[in-house]
Amino acid sequence: MDSITPFQFSLVYNAFSFTFATMAACTLFLWLSRSQVAPAYRTAVTISGLVTAIAAYHYLRIFESWNESYTLQNGIIATTGFAFNDAYRYVDWLLTVPLLLIELVLVMRLSPEETSSKTLRLGSAAALMIILGYPGEIATDIPTRAIWGTLSSIPFVYIVWELFSGLGSSVASQPAAAQGLVRKARLLTFASWGFYPIVYMAPFAGLTGSTATTTIQLGYTIADIIAKAGVGILIYMISVRKSQVEKHDAPAYAERY
Ligand SMILES: *C/C=C(C)/C=C/C=C(C)/C=C/C1=C(C)CCCC1(C)C
């Protein structure tokens, strides 16, 4: 790894530290608020907190790894020889990306058959997308990065299609009071997830060395806060809203499920 400016180093350092705090605080909020929602939505809220908990742990490790990779020598930031470990991020995604899709399906409260078939299909596609992206992320040449990135985009496109087409009718069947929020959660998921492949393409735009490293780390970090903490809070809000609606509408729901 090449040298990096003190500004770039501190920017990434602070972003990792901030993200650890955000993920940890969000986890506490979600887990402590479980009792505010009806039992049917507690698993969705628990899983949302699990996602931010897993991310908090990995941001702590990423932060440590970043700190170990560089040292201040005669006023410049030099590499220590310990390579910055990007695998933490991909292991984190491998666990959290399928869980994020599961929380989205769970909060919709579909039939048990639909819930298990959708979580299985979306979860597997998500895992495949991350596994295929990793060899490209650690590759040092552009063609290898492009090939794996393209392969990883196939399950990505499938997930987007499934979210908007496959889950379209399920969104339409949500109670009116919660429909807007469910649509927002889906849109926020799509927008934040779409940010990852754009960040991944930074080296294609000619960014190299520490500029590419800084852009990629900051980009993924911002996307993670939106995709995990942001969507997690929306899942909680949907759960509260649906719990209220269903309390007043209990007989109709009992009939449907
Ligand atoms: C919490 C982490 C999340 C939501 C991560 C999402 C990651 C992606 C949607 C990554 C997608 C990629 C592609 C579609 C192609 C290039 C390689 C990836 C892995 C960056």
Side-chain angles (χ1 to χ4, degrees), residues 15-16 18-20 22-24 26-27 30 44 47-62 86-105 107 119 121-164 184-205 207 212-213 215-235:
F16 288 166
F18 172 80
T19 309
F20 167 70
T22 305
M23 297 292 183
C26 190
T27 304
L30 290 169
I47 291 182
S48 304
L50 204 53
V51 165
T52 49
I54 295 169
Y57 166 74
H58 283 115
Y59 267 95
L60 194 60
R61 303 310 306 268
I62 290 173
D86 240 354
Y88 288 131
R89 201 178 272 294
Y90 273 75
V91 170
D92 179 81
W93 291 355
L94 193 58
L95 296 168
T96 55
V97 170
L99 288 174
L100 278 168
L101 290 169
I102 291 171
E103 71 187 49
L104 208 55
V105 170
V107 86
T119 52
R121 270 185 290 158
L122 284 168
S124 327
L128 191 65
M129 170 182 83
I130 302 305
I131 292 168
L132 290 172
Y134 187 61
E137 188 72 72
I138 57 170
T140 46
D141 63 302
I142 297 281
T144 312
R145 195 175 179 91
I147 290 168
W148 290 104
T150 307
L151 289 175
S152 166
S153 302
I154 299 167
F156 176 74
V157 169
Y158 166 74
I159 294 168
V160 171
W161 175 82
E162 186 73 67
L163 280 181
F164 284 89
K184 274 203 189 89
R186 186 172 64 167
L187 195 64
L188 200 61
T189 301
F190 170 66
S192 57
W193 287 38
F195 201 54
Y196 293 87
I198 296 172
V199 172
Y200 179 91
M201 288 192 284
F204 303 166
L207 298 188
T213 307
T215 306
I216 291 172
Q217 293 309 323
L218 283 182
Y220 285 159
T221 301
I222 294 166
D224 273 354
I225 292 178
I226 300 170
K228 294 177 171 71
V231 170
I233 298 296
L234 264 181
I235 296 287

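Atoms within each ligand, like the ligands themselves, are counted from 1 in listed order.
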Under a 4.0 angstrom heavy-atom cut-off, which atoms of ligand 1 come close to Lys228? 1 (C), 2 (C), 3 (C)

Side chain, backbone, both or neither: Leu100 near ligand 1, heavy atoms under 4.0 Å: side chain

So for atom CZ, which belongs to Phe18, do other residues, nucleotides or ligands contribute more than 12 heavy atoms lying within a distance under 6.0 Å? no

Which residue and heavy atom of the protein sit nearest atom 18 (C) of ligand 1, plus the separation: Ser152 OG, 3.9 Å

Atoms in ligand 1 flagged as close to Val97, the criterion being non-hydrogen separation under 4.0 Å: 2 (C), 3 (C), 4 (C), 5 (C), 6 (C)

Report the relative orientation of the aromatic rings in Trp93 and Tyr220; use parallel for angles under 30°, tilted for 30 to 60°, perpendicular for over 60°. perpendicular

Which ligand 1 atoms, with their elements, are less than 4.0 angstrom from a heavy-atom of Thr96? 1 (C)

What are the atoms of ligand 1, with element, lying closer than 4.0 Å to any heavy atom of Asp224? 1 (C), 2 (C)

Taking atom CZ of Phe190 as the centre, does the number of heavy atoms from other residues, nucleotides or ligands within less than 6.0 Å exceed 12? no

Nearest non-hydrogen contact to atom 6 (C) of ligand 1 from the set Tyr220, Tyr196, Phe156 belongs to Tyr196

Does Trp148, at its CH2 atom, have more than 12 non-hydrogen atoms belonging to other residues, nucleotides or ligands within less than 6.0 Å? no

Shortest protein contact, atom 4 (C) of ligand 1 (heavy atom only): Trp193 NE1, 3.4 Å

Is Tyr90 in contact with ligand 1, taking contact as a heavy-atom separation below 4.0 Å? yes

Are any of the side-chain heavy atoms of Leu101 and Trp193 separated by less than 4.5 Å? yes

Hey, does the side chain of Ser152 reach the backbone of Met129 with a donor-acceptor pair shorter than 3.5 angstrom? yes

Of the protein's non-hydrogen atoms, which lies at the shortest distance from atom 9 (C) of ligand 1, and what is that distance? Met129 CE, 3.4 Å

Spell out, as yes or no, whether a donor-acceptor pair under 3.5 Å connects the side chain of Tyr134 to the backbone of Val91. no

